[in-house]
S.K.: 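So that we are looking at the same thing, I have put the structure below in structure tokens.
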Number of protein chains: 2
Amino acid sequence: MIAEYDTPKVDPASKDLLGAVDRSPSLTDKVYEKLRQGLLRGVWSPGEKLTARKLSRDLGVSLTPAREAIMRLVNEGALDVSEKRTFRTVDLNCEQYSEVMRIRSALEPIAVELATPLFAEEEIKRLIELNEQMKEMISQERFNDSLQIDSEFHLLICDRAEQPLMRSIIDTLWLRAGPTRNRLSYSYRKRLIGYENHKRIIAAIQLRDAAAAAAAVKRDLSEGAAIIVAVLTEDERDN
Amino acid sequence: MIAEYDTPKVDPASKDLLGAVDRSPSLTDKVYEKLRQGLLRGVWSPGEKLTARKLSRDLGVSLTPAREAIMRLVNEGALDVSEKRTFRTVDLNCEQYSEVMRIRSALEPIAVELATPLFAEEEIKRLIELNEQMKEMISQERFNDSLQIDSEFHLLICDRAEQPLMRSIIDTLWLRAGPTRNRLSYSYRKRLIGYENHKRIIAAIQLRDAAAAAAAVKRDLSEGAAIIVAVLTEDERDN
DNA sequence: TTATGTCATTTGTTATATCATATTTCAATA
DNA sequence: TATTGAAATATGATATAACAAATGACATAA
């Protein structure tokens, strides 16, 4: 009878009907989500300082949830805490960026391999749509937007793989690289390599050829990484 | 002149001499570390409830650092927060455990590949030592200790790869699987598969054969995973 | 005995207070 | 003008307080 506490007696039918109450996210969660979005969208430039107090003032919450959200991002490596204990967005150097890409290259091919048989036709259409949007953004020189769409494309594939842990790891990788990526977008310009590679990925998924899809993802990532690393290397030589 | 704030004027030589001040870790850091160790050593059984207040009382700190540390572990997936917002250690089911191993299998071979040329002779000796200790622990049926040593073995390799981000990801994987692993240790018993596989890994490193080392790690992980998954499957059928 | 309703306690969440350290300001001085 | 240094301010870390939701204990009714 003790176990009854964990599974209170409820008529299965009504339980199904009611479903679980959707507890509203805590303030910490909301602040965290805002920070996340901001980081991905390039609201802060890499290396920019953040303070818990300003954040709490800006968002109209107390210090606690603001601070908790920041700490959470710090823990994920999306924010740095300097030796003086101030918070700033990360600015990846070439080596650090390479490591992010090395890990993505290890994980995302597996994700697409698992995802390939699970994709529904309409989801594939969505991939095509996203890729065309990306092309459009690039042609309009809206590079930050194109990066945004690129991330959506890759994350949609990861979602389909139904590997929640892997997905969360890849999420934090994007978050970590976000500001640096955004800084680069103007140097990165006008490259349609991503577009062509994405087309290859889509084609492989349509043929339900998991191995080919994995190879295409790997190629997309390594070519993309090569460009960014080149830009970063140049940057580091410059200053 | 504005930029001066980011890089205070310090004679580079003296900077090198002094090094950064080693700011003592915060209370949050200390609590976090205690929790971490506890999780790895099986202080809490999987699914056990934790409360921030009890933790703060036990460790003689206020609620804030205790809570922050818990939230940090939640964020890493080492603790769960239930729908009722209570904290408990994770209890991975077979599928979740498999996902952890799938990710380890993707990352650790890369790590050992990068580490192989960087290993010093004495570090290889340390690997041998650890492996023999593990064998000893198993023969004494001290399974939890043997798991502890197994983790040291793998993490030492990851350290040598000098990929800090990858290392931190693998760290969280261990943390996540820790309680479940510890619960299993008695079913897991007397398997010397790990020992033999570790010997293969060491041999490959000694020969500086990175590819062979990667293959050996992959084999170690997949055979280890197979056993645990078998036990977990049985468990899930039982209850 | 078992189910149910009430009330005290515990817990997570958020806000606020306190303290030590960092940073900034700005006037006095060389 | 450039430097210095003390006072004012801002900030992160920690503690405590306040509140609502969840839990547990217990008395009462079936």
Side-chain angles (χ1 to χ4, degrees), chain A residues 1-11 18 20-35 44 47-75 78-89, chain B residues 1-11 18 20-35 44 47-75 78-89:
Chain A
M1 277 299 162
I2 293 166
E4 287 297 323
Y5 273 115
D6 284 332
T7 53
K9 247 180 270 177
V10 176
D11 173 39
L18 288 169
V21 262
D22 61 334
R23 194 175 294 277
S24 79
S26 68
L27 283 185
T28 300
D29 291 332
K30 291 178 188 168
V31 174
Y32 171 78
E33 198 46 45
K34 277 216 179 276
L35 277 174
W44 298 278
E48 191 170 339
K49 192 150 73 177
L50 287 181
T51 74
R53 276 183 166 86
K54 178 159 169 34
L55 186 64
S56 80
R57 279 195 305 270
D58 289 352
L59 301 182
V61 298
S62 85
L63 195 54
T64 310
R67 184 180 156 77
E68 275 187 358
I70 288 181
M71 298 285 272
R72 207 150 136 187
L73 272 313
V74 168
N75 195 230
L79 294 177
D80 263 352
V81 42
S82 75
E83 74 289 348
K84 298 253 180 73
R85 306 228 169 165
T86 67
F87 306 118
R88 35 184 78 244
T89 61
Chain B
M1 274 300 164
I2 293 166
E4 288 294 325
Y5 273 116
D6 284 335
T7 53
K9 246 181 270 175
V10 177
D11 173 39
L18 287 170
V21 258
D22 61 333
R23 192 176 296 275
S24 79
S26 69
L27 283 185
T28 299
D29 292 332
K30 291 178 188 168
V31 175
Y32 171 78
E33 198 46 45
K34 278 217 181 273
L35 277 175
W44 298 278
E48 192 170 339
K49 191 149 74 175
L50 287 181
T51 75
R53 276 182 165 89
K54 176 160 170 35
L55 186 65
S56 79
R57 279 195 303 267
D58 289 353
L59 301 181
V61 299
S62 85
L63 192 55
T64 310
R67 182 179 157 79
E68 275 188 358
I70 288 180
M71 298 284 271
R72 208 149 136 186
L73 272 313
V74 168
N75 197 228
L79 293 178
D80 262 353
V81 42
S82 75
E83 74 291 346
K84 299 253 180 75
R85 305 225 168 162
T86 68
F87 305 117
R88 37 184 77 243
T89 61

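Naming: A, B, ... by sequence-line order, numbering from 1 per chain.
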S.K.: May I have the distance from A:L55 (atom CG) to D:dA10 (atom C1'), rounded to whole angstrom?
M.R.: 15 Å

S.K.: What is the distance, rounded to the nearest whole Å, between atom CG of B:L79 and atom P of C:dG12?
M.R.: 11 Å

S.K.: How long is the line joining CZ of A:R72 and P of C:dT13, in whole Å?
M.R.: 10 Å

S.K.: What nucleotide, of D:dG12, C:dA15, D:dT14, holds the atom closest to the side chain of A:S62?
M.R.: C:dA15

S.K.: For D:dA22, take OP1 and OP2 only and decide whether either is under 4.0 Å from a side-chain N or O of B:T86.
M.R.: no

S.K.: When the distance from CG of B:L59 to P of D:dT14 is rounded to whole Å, what number comes out?
M.R.: 13 Å

S.K.: Measure from the side-chain heavy atoms of A:T28 and tell me the nearest of C:dG12, C:dT11, C:dT14.
M.R.: C:dT14

S.K.: Can you check whether A:R85 has a side-chain N or O nearer than 4.0 Å to OP1 or OP2 of D:dA13?
M.R.: yes

S.K.: How many Å lie between OH on B:Y32 and C1' on D:dA13, as a whole number?
M.R.: 19 Å

S.K.: With the side chain of B:K84 defined as its heavy atoms from C-beta on, choose the nearest nucleotide among D:dG12, C:dT14, D:dT23.
M.R.: D:dT23

S.K.: Assess whether one donor atom and one acceptor atom, taken from the side chain of A:R53 and the base of D:dG12, lie less than 3.5 Å apart.
M.R.: yes

S.K.: Looking at A:T89 and A:G47, would you say the former's side chain and the latter's main chain have a donor-acceptor pair under 3.5 Å?
M.R.: yes

S.K.: Looking at A:A66 and A:S56, what are the two nearest heavy atoms and their distance?
M.R.: CB-CB, 3.7 Å

S.K.: Starting from C1' on C:dA17, measure out to CG on B:L63 and report it in whole angstrom.
M.R.: 15 Å

S.K.: Using a 3.5 Å distance criterion without hydrogens, assess whether the side chain of B:D29 forms a donor-acceptor pair with backbone atoms of B:S26.
M.R.: yes

S.K.: Give a yes/no answer on whether the side chain of A:R67 brings an N or O atom under 4.0 Å of OP1 or OP2 in D:dG12.
M.R.: no

S.K.: Check whether any side-chain nitrogen or oxygen of A:T64 sits under 4.0 Å from OP1 or OP2 of C:dT14, and answer yes or no.
M.R.: no

S.K.: Reading DNA chain D from 5' onward, which residue's closest nucleotide shows up sooner: B:E68 or B:K49?
M.R.: B:E68

S.K.: Which pair of heavy atoms, one from A:A69 and one from A:V31, lies closest together, and at what distance?
M.R.: CB-CG1, 3.5 Å

S.K.: From CG of B:D29 over to P of D:dA13, roughly how many Å is that when rounded to an integer?
M.R.: 9 Å

S.K.: Looking only at heavy atoms, what is the nearest atom pair of B:I70 and B:T51, with distance?
M.R.: CD1-C, 4.2 Å

S.K.: Remember a base hit wins even if backbone is also touched, and classify A:V61 as base, sugar-phosphate or nothing at under 4.0 Å, heavy atoms.
M.R.: sugar-phosphate

S.K.: Over all strands shown, is A:S26 touching base, sugar-phosphate only, or nothing at heavy-atom distances under 4.0 angstrom?
M.R.: sugar-phosphate

S.K.: From CD of A:E83 over to C1' of D:dG12, roughly how many Å is that when rounded to an integer?
M.R.: 14 Å

